[in-house]
Participant: 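Provided herewith is a single structure, encoded as structure tokens, for subsequent inquiry.
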Amino acid sequence: QRVRLAQALAHRPRVVLLDEPMTGLDPVARRELGATIAGLPGRGVGVVVSSHVLHELESVAERVVFVHQGRVLADGRVADLREELPGQPRRYRIVAGEARAFAGRLLAVEQVGGVAVIADSALEVTVRETSGFAAALTELAAAWSPGVSEIEPLDEDLGYVFGRLVS
């Protein structure tokens, strides 16, 4: 795959079209090739990648176009596309000290629809309405003396967005 990319770049094209560029690569080679591909626009080379392995694209693409059965479903930045999914609750993984007690505090936040304890210190929080949630969570986490060490969105990846668009 690296040789093929080198061959494609040897003629200094303005745009390269890559079809499943990470097929057959080990994890280290995938990371290295992904970094190379992500750096091409900075060198003045436009990149179009066709792939069904959506999680790999997240590291190399700023913008995506979802095509399903020959029809363009969406086009834009992943975060922007996620925001355009109407009525979809958001999910977050939160790691906090004394997680069960923190879950009780989270349930008091107006925008929170539910909290599940998924490990000793990890919670999965479902948010009905994102407006105001970040501010409420920040205030709650800052005041939580056992500490909050992680907050991770669970449904902003390309696979989730594509799945919601085709369902």
Side-chain angles (χ1 to χ4, degrees), residues 20-23 25-35 37-39 41-42 47-69 71-167:
E20 302 287 352
M22 310 243 190
T23 299
L25 298 178
D26 63 69
V28 173
R30 285 175 190 263
R31 186 174 52 250
E32 290 171 355
L33 186 60
I37 293 169
V47 180
V48 177
V49 178
S50 171
S51 181
H52 70 281
V53 186
L54 300 179
H55 69 273
E56 288 178 347
L57 294 178
E58 291 183 74
S59 64
V60 299
E62 289 181 24
R63 184 179 183 91
V64 296
V65 177
F66 287 122
V67 178
H68 181 63
Q69 297 179 343
R71 196 175 115 242
V72 174
L73 297 177
D75 171 11
R77 290 180 49 241
V78 178
D80 294 341
L81 294 175
R82 172 60 178 95
E83 290 299 324
E84 292 174 13
L85 295 175
Q88 295 299 314
R90 304 288 291 268
R91 295 176 310 120
Y92 297 88
R93 181 178 162 273
I94 299 175
V95 177
E98 299 180 22
R100 290 184 187 283
F102 192 66
R105 298 280 174 93
L106 282 167
L107 285 169
V109 174
E110 178 183 341
Q111 297 88 347
V112 172
V115 179
V117 178
I118 56 174
D120 288 339
S121 62
L123 306 170
E124 184 175 308
V125 181
T126 303
V127 178
R128 291 186 301 259
E129 173 61 47
T130 58
S131 177
F133 174 70
L137 179 59
T138 299
E139 185 177 318
L140 186 60
W144 190 248
S145 62
V148 173
S149 59
E150 284 182 52
I151 301 171
E152 173 189 14
L154 295 175
D155 52 12
E156 292 184 355
D157 66 338
L158 287 173
Y160 176 81
V161 172
F162 184 75
R164 297 303 310 163
L165 288 169
V166 298
S167 64

Participant: Shortest non-hydrogen contact from L81 to A74?
Facilitator: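 Closest approach of L81 to A74: CD2-CB, 3.7 Å.
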Participant: Check L54 against S51 and note the closest heavy-atom contact, atom names and distance.
Facilitator: CD2-O, 4.1 Å
Participant: Given D75 and R63, is the side chain to side chain contact (heavy atoms under 4.5 Å, CB included) satisfied, shown in steps?
Facilitator: CA-CA 7 Å; D75 171 11; R63 184 179 183 91; 3.1 Å; yes
Participant: Measuring from atom CG of L57 to atom CE of M22, what distance do you get when rounded to the nearest 0.5 angstrom?
Facilitator: 7.5 Å
Participant: In terms of the angle between their ring planes, are F162 and F66 parallel, tilted or perpendicular, with boundaries placed at 30° and 60°?
Facilitator: tilted
Participant: I'd like to know whether L137 forms a side chain to side chain contact (heavy atoms under 4.5 Å, CB included) with I151, so could you lay out the CA-CA distance, the side-chain angles of the two residues, the decisive distance to 0.1 Å, and finally the verdict.
Facilitator: CA-CA 10 Å; L137 179 59; I151 301 171; 3.7 Å; yes
Participant: In terms of heavy-atom contacts, does CD of E139 have more than 12 from other residues, nucleotides or ligands at under 6.0 Å?
Facilitator: no
Participant: Kindly list each side-chain donor-acceptor pair under 3.5 angstrom involving residues 96-113, sequence neighbours excluded, with atom names and distances?
Facilitator:
unit_1: Q111; atom_1: NE2; unit_2: S131; atom_2: O; d: 3.0

Participant: Are the side chain of E124 and the backbone of I118 linked by a donor-acceptor contact shorter than 3.5 Å?
Facilitator: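 Between the backbone of I118 and the side chain of E124 there is no qualifying donor-acceptor contact (under 3.5 Å).
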Participant: Taking all heavy atoms of V95 and all of R93, pick out the closest pair and write down the distance.
Facilitator: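 Nearest heavy atoms, V95 then R93: CG2-NH2, 3.4 Å.
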Participant: Between V127 and R91, is the side chain to side chain contact (heavy atoms under 4.5 Å, CB included) condition met? List the steps.
Facilitator: CA-CA 6 Å; V127 178; R91 295 176 310 120; over 6 Å; no
Participant: When rounded to the nearest 0.5 angstrom, what distance separates CZ in R31 from CG in D26?
Facilitator: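 Separation between the atoms: 9.0 Å.
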Participant: May I have the step-by-step check of side chain to side chain contact (heavy atoms under 4.5 Å, CB included) for E62 and R77, ending in yes or no?
Facilitator: CA-CA 6 Å; E62 289 181 24; R77 290 180 49 241; 5.6 Å; no
